[in-house]
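What follows is a set of notes on a single structure, which appears directly below.
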Amino acid sequence: MTTVLGWLRGLFAVGMLAGFYVVAFTLLAADAALVWLTLWGMVEFPSRAGNWSLALGGSIPAASALLYGIGTVSRTEEPPPDAVFLRRADAPGLWRLVEELSGQLRTRPPTRIYLTSQANASVSEDARLLGFAVGERTMNLGVPLLRWLKPEELRAVLCHELGHYAGRHTRFGAITYRGAASLRSTLFRLRMTAQSDQGRVGYAWLYQAAIGAYAWMYLRLSLAVRRRQELEADAEAAAVVGPEVTARALRAVHALGITWAGFESRYLRPVQRLGFVPEDVFEAFAAMMGDPPVRERMAELRAHPVELDRSPLDSHPPLARRLALIEARPATPPRTVVEEGPLIAETSPVTRVQRKMLGETGHSATALPRAAWADLAAEAFAIELASLLLDAASDTHALARPTLATVLGQLERGQQTALTRRLTDAPEPEEQLTEALYALTGQALAGAGRARWVLSWTQGYFLDCPRDPRGRLDDLVAAAARDQAAVPALRGELARLGLDIGAPVPLALRTVAAPAGPTTARRSTRSASNLVVQELARQRTVGRVTMGAVAVAGVVWGIALFGSDSSDPYTQSYRLPTAAASYYTAWPSYPGLRPAPSYPDLGQTPSYTARFPVPIMTGPVLRPTPSLYFRIHFVVRGDTLSAIACEYGTTVEDLQKRNDMGKRTELTVGQMLLVPAKGKGSGIVAADCR
């Protein structure tokens, strides 16, 4: 049954991927047909080519974005950027454990194991022939899981990942995953192209709508299959290690992942941008894990796992549903025995993971001992907020640098709202003002040697002031940020602590003196991601190609226009006799109409040579009336349609009708107009001709 289900899933994955190709190439074929018709019309009917430059210039950027997205469909999934290959000699215990669990699940073990810095695990398979041929298997395992999960919990995680192999999820899952990644990549590039100058007059918005509709269907159908696979892998793990251990492992991984993400985003990366990192990242994280408030928070996350900001496109089912299904299974004793001893014998792979994790941002940094790095982190956070508040309080017309006295003066004058508006646009601006005032006051005290900053894993930082053991300063700062009447009390307390509020506030990191990285906090700016930078570079290249193509097409159009008669929409070449102007002609012959019969006294009819096949009209046609005579008038510079009508005794409307001009009145030098012979007009002339 598992084999049949695996093959059905494979056919589904291949069919969905083929559908993406069909939609994409249909759009490209329509785009190519439009461009071809535009270019053909530009050459054949140059005077009626219309806005060919908009059609050509709008098609190339959209088509290139779509082609680039299609090119990512068949790319092999690469390991994470910080992944380090784990040799069997580096971790014999881990390799032995993985092979043992693979045997219990009756599946082939992975051929490669990579260590990563994430608190997560995953498996993949380099399947060939769209997943119908077996390929090499890869397992990615995060260092935080190896270090902080209990042995039985780690076994449950490994069994879950190996359960994907046992259920043949990875053979066709790679196709589904890469298809989803390609759709997201294509939509991202189409969206950026549509928002850029190149796409405002193009078709990127149309392609985005079509691909977006297919992506909506693709992701929801494929995600339903992938979520079902996660539940099957949970069942495999519960069958080996037991439902209780499996549920406990899911809770532990959830809490560990949130804590690790908070450590990396709130502490590690911000201080790294200032130029400093801990000598051992995982040791610094261990210090965070040992903090009592952090332990309480993790215990709460394990007991009540809540998924905040869960995406509807998450490939995993909701954690609450997974836990409910696992804990509803009958309790079974685990079939494994926990081994003693380390799983990784060498520390060098972990060191390489840390080096690659810190190096992927491209910021050079100085490594510090954990305690020194923690003090610097606390001081850096305070300096950043203090700098922002001083910037908000600065006056563009004042030459002096703002100080704590400047901020307190504005608060005392009741300018809390204006100061808050310049400081932040956060949802709770009052709290932001209180926090920034606390940072500025504490930094002024720390700079004067009256206090020091201490890192807090839950609050970010707090002020250690020996002369304020009860923390009275915190309440005074909060009151002054809310009410102008409370500012004098804060001034008095700072004077008691011996602080000169009018002195410049030092904004340099005083904890260490290191050569690498900036030592002054400045307003942080989020740099664009590598994906955005690459896409912008690609758009610039496409823009140059588009301009070149439009320029070449413009030259071709100019040549075609120069050799054509702009007054004739059908690009005919007339051959008039030398004395044609003195002949009277019958009703003129047009391409596609049967030649009118000639009359003895009507002279010759101008012949024509058509450049392309024209349809033959077999229906009734207008026959010339022998009693009406006409001639051809060649337009010269200064002619107008009304003047010509007066000259030949007719009206503008009559000339427009005879020459099939519609409502147009524009004339071109050298243009031939069919006019009545003098004295043969309708007799109705405009009033201004008399």
Side-chain angles (χ1 to χ4, degrees), residues 1-10 12-13 16 77 80 98 101-102 104-107 110 116 118-125 127 131 137-142 145 149 153-181 184 218-258 301-302 305-329:
M1 182 63 184
T2 303
T3 304
V4 175
L5 187 60
W7 283 103
L8 290 177
R9 286 172 177 167
F12 169 78
M16 291 295 292
E77 184 180 357
V98 170
L101 296 176
S102 300
Q104 294 186 23
L105 289 167
R106 298 178 299 279
T107 187
T116 70
Q118 300 302 313
N120 202 351
S122 63
V123 290
S124 61
E125 188 170 5
R137 292 178 168 181
T138 302
M139 173 180 284
N140 299 318
L141 191 60
L145 300 184
L149 285 185
E153 295 171 349
L154 180 61
R155 284 173 173 263
V157 171
L158 294 175
C159 286
H160 173 91
E161 300 304 330
L162 294 172
H164 287 300
Y165 287 146
R168 295 179 173 83
H169 302 160
T170 54
R171 293 179 61 180
F172 303 103
I175 301 174
T176 305
Y177 175 82
R178 288 199 294 271
R184 285 192 289 267
Y218 181 96
L219 292 176
R220 275 152 182 78
L221 293 178
S222 61
L223 287 176
V225 174
R226 294 177 64 185
R227 289 169 182 167
R228 181 62 187 174
Q229 292 174 347
E230 294 296 330
L231 298 179
E232 293 175 3
D234 287 342
E236 294 283 357
V240 175
V241 301
E244 180 182 356
V245 175
T246 304
R248 194 165 66 243
L250 280 179
R251 295 174 183 271
V253 170
H254 174 71
L256 184 61
I258 293 178
L301 288 173
R302 284 193 295 268
V306 178
E307 294 180 290
L308 299 176
D309 301 326
R310 175 181 169 81
S311 170
L313 300 180
D314 197 327
S315 60
H316 288 63
L319 184 57
R321 183 189 177 199
R322 296 176 65 187
L323 290 172
L325 292 175
I326 293 172
E327 293 169 348
R329 299 175 64 90

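- In plain terms, the two heavy atoms of Tyr165 and Met139 that are nearest each other are OH-N, 4.3 Å.
- Heavy atoms only, all atoms of each residue included: Pro80 and Asn140 are closest at CD-ND2, 3.8 Å.
- Between Thr116 and Leu141 the shortest side-chain heavy-atom distance does not fall below 4.5 Å.
- Across Arg329 and Ala238, no two heavy atoms sit closer than the pair NE-CB, 3.8 Å.
- Residues Pro110 and Val123 fail the side-chain proximity criterion, which asks for heavy atoms closer than 4.5 Å.
- Under the side-chain contact (heavy atoms from CB on, under 4.5 Å) criterion, Val157 pairs with Ala121, Leu145, Leu149, Ala249, Val253, sequence neighbours left out.
- Within a 6.0 Å radius of CD in Glu244, no more than 12 heavy atoms belonging to other residues, nucleotides or ligands are found.
- Inter-residue side-chain proximity for Glu125 and His164 is flagged as unmet; no heavy-atom pair is nearer than 4.5 Å.
- Among residues two or more places apart in sequence or in another chain, the side chain to side chain donor-acceptor pair (under 3.5 Å) test is passed with Ser102 by none.
- For the side-chain contact (heavy atoms from CB on, under 4.5 Å) test, residues two or more places apart in sequence or in another chain that qualify with Leu319 are Leu250, His254, Pro305, Glu307, Leu323.
- Nearest heavy-atom pair, Ala166 versus Thr107, reported as atom, atom and distance to 0.1 Å: N-OG1, 3.7 Å.
- Not counting sequence neighbours, the partners of Glu153 by the salt bridge (charged side-chain N to carboxylate O under 4.0 Å, His left out) test are Arg248.
- For Arg251, the salt bridge (charged side-chain N to carboxylate O under 4.0 Å, His left out) criterion is met by Glu327, not counting sequence neighbours.
- Listed by first and then second residue, the salt bridge (Lys or Arg N to Asp or Glu O under 4.0 Å) pairs involving residues 315-325 are Asp234-Arg322 (not counting sequence neighbours).
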Let me see the working for Glu236 and Leu162 under side chain to side chain contact (heavy atoms under 4.5 Å, CB included), right down to the final yes or no. CA-CA 9 Å; Glu236 294 283 357; Leu162 294 172; over 6 Å; no

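- Qualifying side chain to side chain donor-acceptor pair (under 3.5 Å) partners for Asn120, counting only residues two or more places apart in sequence or in other chains: none.
- Considering only heavy atoms from C-beta on, Arg228 comes within 4.5 Å of Glu232 through its side chain.
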